[in-house]
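Just so you know, these numbers use all the heavy atoms, side chains as well, and skip hydrogens, waters and symmetry mates. Sequential numbering from 1 along the given sequence is applied to the chain's residues. The structure presented is a predicted model; accordingly, all values stated were derived computationally and were not measured.
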Amino acid sequence: MRIIVFLFTLFSFLCQAQNLKVTSGKVERLTLFKSQFVDARNVAIWLPDGYSAKEKYAVLYMHDGQMLFDAETTWNKQAWEVDSITGKLIAENKIQKCIVVGIWNNDKKRHPEYFPQKVYQTFSVEQKKYISDKLIERKKIDSEFRPISDNYLQFIVKELKPFIDKNYATYTDRKHTFIAGSSMGGLISLYAICEYPKVFGGAACLSTHWTGIYQNNDNPIPDAIISYLKVHLPNPKKHTIYFDYGDKTLDSLYHPWQEKVNIVMKAKRFTSKNWSTQFFSGKDHSEASWRERLYIPLEFLLPK
């Protein structure tokens, strides 16, 4: 049975990688990119119209890569439409020229790869079991929860980024390297800029999943994340961070925690020049919502 599931998943990955359609620029595909740190996965590299090896481009790394470009290939028939939005902003000279690297998630390993590992290590045995039980209950994992986000970030920083920088016309420095995602993807983007401040100059965290699980009551995760941020937030003079959230569906959980994070950001001397938190009334936790406002973090992180 497991072999059948694996073959089906592999077939799905290959189909998605081969049939992505974009309305702006073009996508090049890395099928099942191998890593010594995490499982192999697909990676899609979006190049803007007029891409030339004679120029240099900023790089935006994005999680949940299968949800970024083509709604026809996604499980819920929604996509961020990163190609059309980013391409339009570049054409209108509103953001600097960039490429987007979309990193596929690995389904049941998404939570382990995206959950900040150093935060998890602060929990008691009882708290860890509680978190595992809640994630198993929601069918987000199959067995005991063991975060591997440190390995996931090593994959990006030590394997994927060097490959991108070697094979594409990129600026390789921190000022031109960004990371973004939504929900758990927002959480791992924040963790990435904290853990690798010399690599990433900016992070966009849309609908950041502060709760880690799916409730506010009896949940030790948000306060633990905030404690981590008090120690590990990067230098505000050299980094830019964007947050946002709505108030419908899963986003309805986030307001109290985002307010506490805002206090930490101010205490760490982040200002409107390098930090933004946006609230979107009536917006839910979906690719459709993130698509609507994607231009805002792009203009904030990659101003012309």
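- At least one donor-acceptor pair under 3.5 Å links the side chain of Gln215 to the backbone N or O of Asn217.
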For this session: Applying side chain to side chain donor-acceptor pair (under 3.5 Å), run through His63 and Ser189 and close with a yes or a no.
Result: CA-CA 8 Å; His63 313 287; Ser189 296; 3.1 Å; yes
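- No close placement of the His239 and Trp275 rings is indicated, their centers lying 6.0 Å or farther apart.
- A side-chain hydrogen bond (donor to acceptor under 3.5 Å, both in side chains) with Asn105 is found for one member of His111, Glu113, Gln66 and no other, namely Gln66.
- In this structure, the side chain of Arg174 does not engage the main chain of Lys198 through any donor-acceptor pair within 3.5 Å.
- Using a distance-only test at 3.5 Å, with no hydrogens or angles considered, no donor-acceptor pair links the side chain of Ser183 to the main chain of Gly185.
- Residues Ser289 and Glu287 have side chains that never bring a donor and an acceptor to within less than 3.5 angstrom of each other.
- No side-chain donor-acceptor contact under 3.5 Å links Glu81 to the backbone of Leu68.
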Exercise. Yes or no on side chain to side chain contact (heavy atoms under 4.5 Å, CB included) for Ile226 and Trp210, after CA distance, side-chain angles and deciding distance?
Worked result: CA-CA 9 Å; Ile226 290 167; Trp210 300 116; 5.9 Å; no
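- Ring geometry for Tyr61 versus Phe200: interplanar angle over 60°, hence perpendicular rather than tilted (30 to 60°).
- Side-chain N or O atoms of Glu259 include none that pairs as donor or acceptor with a backbone N or O of Pro256 at under 3.5 Å.
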Exercise. Going through the distances and angles, do Asp150 and Gln154 end up as a side chain to side chain donor-acceptor pair (under 3.5 Å)?
Worked result: CA-CA 6 Å; Asp150 287 351; Gln154 286 191 81; over 6 Å; no
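- Between the Asp251 side chain and the Tyr245 main chain, no donor and acceptor come within less than 3.5 Å of each other.
- Taking the six-membered ring for Trp and the full ring otherwise, Tyr152 and Tyr114 have centroids separated by under 6.0 Å.
- Ring pair His209/Tyr214 is tilted by interplanar angle, where 30° to 60° counts as tilted.
- A 6.0 Å sphere centred on CZ of Phe33 holds more than 12 heavy atoms belonging to other residues, nucleotides or ligands.
- A 6.0 Å sphere centred on NZ of Lys108 holds more than 12 heavy atoms belonging to other residues, nucleotides or ligands.
- In this structure, Asp244 contributes its side chain and Ser207 its backbone to a donor-acceptor pair below 3.5 Å.
- Asp49 and Tyr51 share no side-chain donor-acceptor pair at under 3.5 Å.
- No hydrogens or angles considered: nothing links the side chains of Asp247 and Ser252 as a donor-acceptor pair under 3.5 Å.
- Distance alone, capped at 3.5 Å, is enough to place a donor-acceptor pair between the Asn42 side chain and the Leu32 backbone.
- Residues Glu144 and Lys128 are not paired through a salt bridge, judged by the lack of any N-O separation under 4.0 Å between the basic side chain and the carboxylate.
- Ile179 and Val43 fall within a single hydrophobic cluster, where Ile, Leu, Val, Met, Phe, Trp and Tyr side chains are chained together by heavy-atom contacts under 4.5 Å.
- Residue-environment remark: NZ (Lys304) exceeds the threshold of 12 foreign heavy atoms within 6.0 Å.
- Between the side chain of Lys268 and the backbone N or O of Leu233, no donor-acceptor pair lies under 3.5 Å.
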Problem set entry | Worked check of side chain to side chain contact (heavy atoms under 4.5 Å, CB included) between Val82 and Met62 | CA-CA 10 Å; Val82 169; Met62 296 189 71; 4.0 Å; yes
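- Aromatic ring pairs are classed by plane angle as parallel below 30°, tilted from 30° to 60° and perpendicular above 60°; the pair Tyr228 and Tyr191 is tilted.
- Side-chain N/O atoms of Asn216 and Trp257 include a donor and acceptor closer than 3.5 Å.
- Judged purely by distance below 3.5 Å, without hydrogens or angles, the side chains of Glu28 and Tyr168 pair a donor atom with an acceptor atom.
- Residues Val261 and Met265 meet the side-chain proximity criterion, which asks for heavy atoms closer than 4.5 Å.
- The backbone N or O of Val38 sits less than 3.5 Å from a side-chain atom of Ser35, completing a donor-acceptor pair.
- Two residues are said to be in side-chain contact when any heavy atoms from C-beta on lie closer than 4.5 Å; Phe123 and Pro220 meet this criterion.
- Side-chain N/O atoms of Thr240 and Asn274 include no donor and acceptor closer than 3.5 Å.
- Counting only residues at least two apart or in different chains, ring pair (Phe, Tyr, Trp, His ring centres under 6.0 Å) contacts with residues 128-149 comprise Phe115-Phe145, Tyr120-Phe145.
- Lys26 and Asp83 are not joined by a salt bridge, as no carboxylate oxygen comes within less than 4.0 angstrom of a charged side-chain nitrogen.
- Side chains of Trp46 and Thr86: no donor on one and acceptor on the other come within 3.5 Å.
- Comment: Lys260 engages Asp223 in a salt bridge, judged by a side-chain N to carboxylate O separation of less than 4.0 angstrom.
- The CD1 atom of Ile90 lies 7.5 Å from the OG atom of Ser24; values are rounded to the nearest 0.5 Å.
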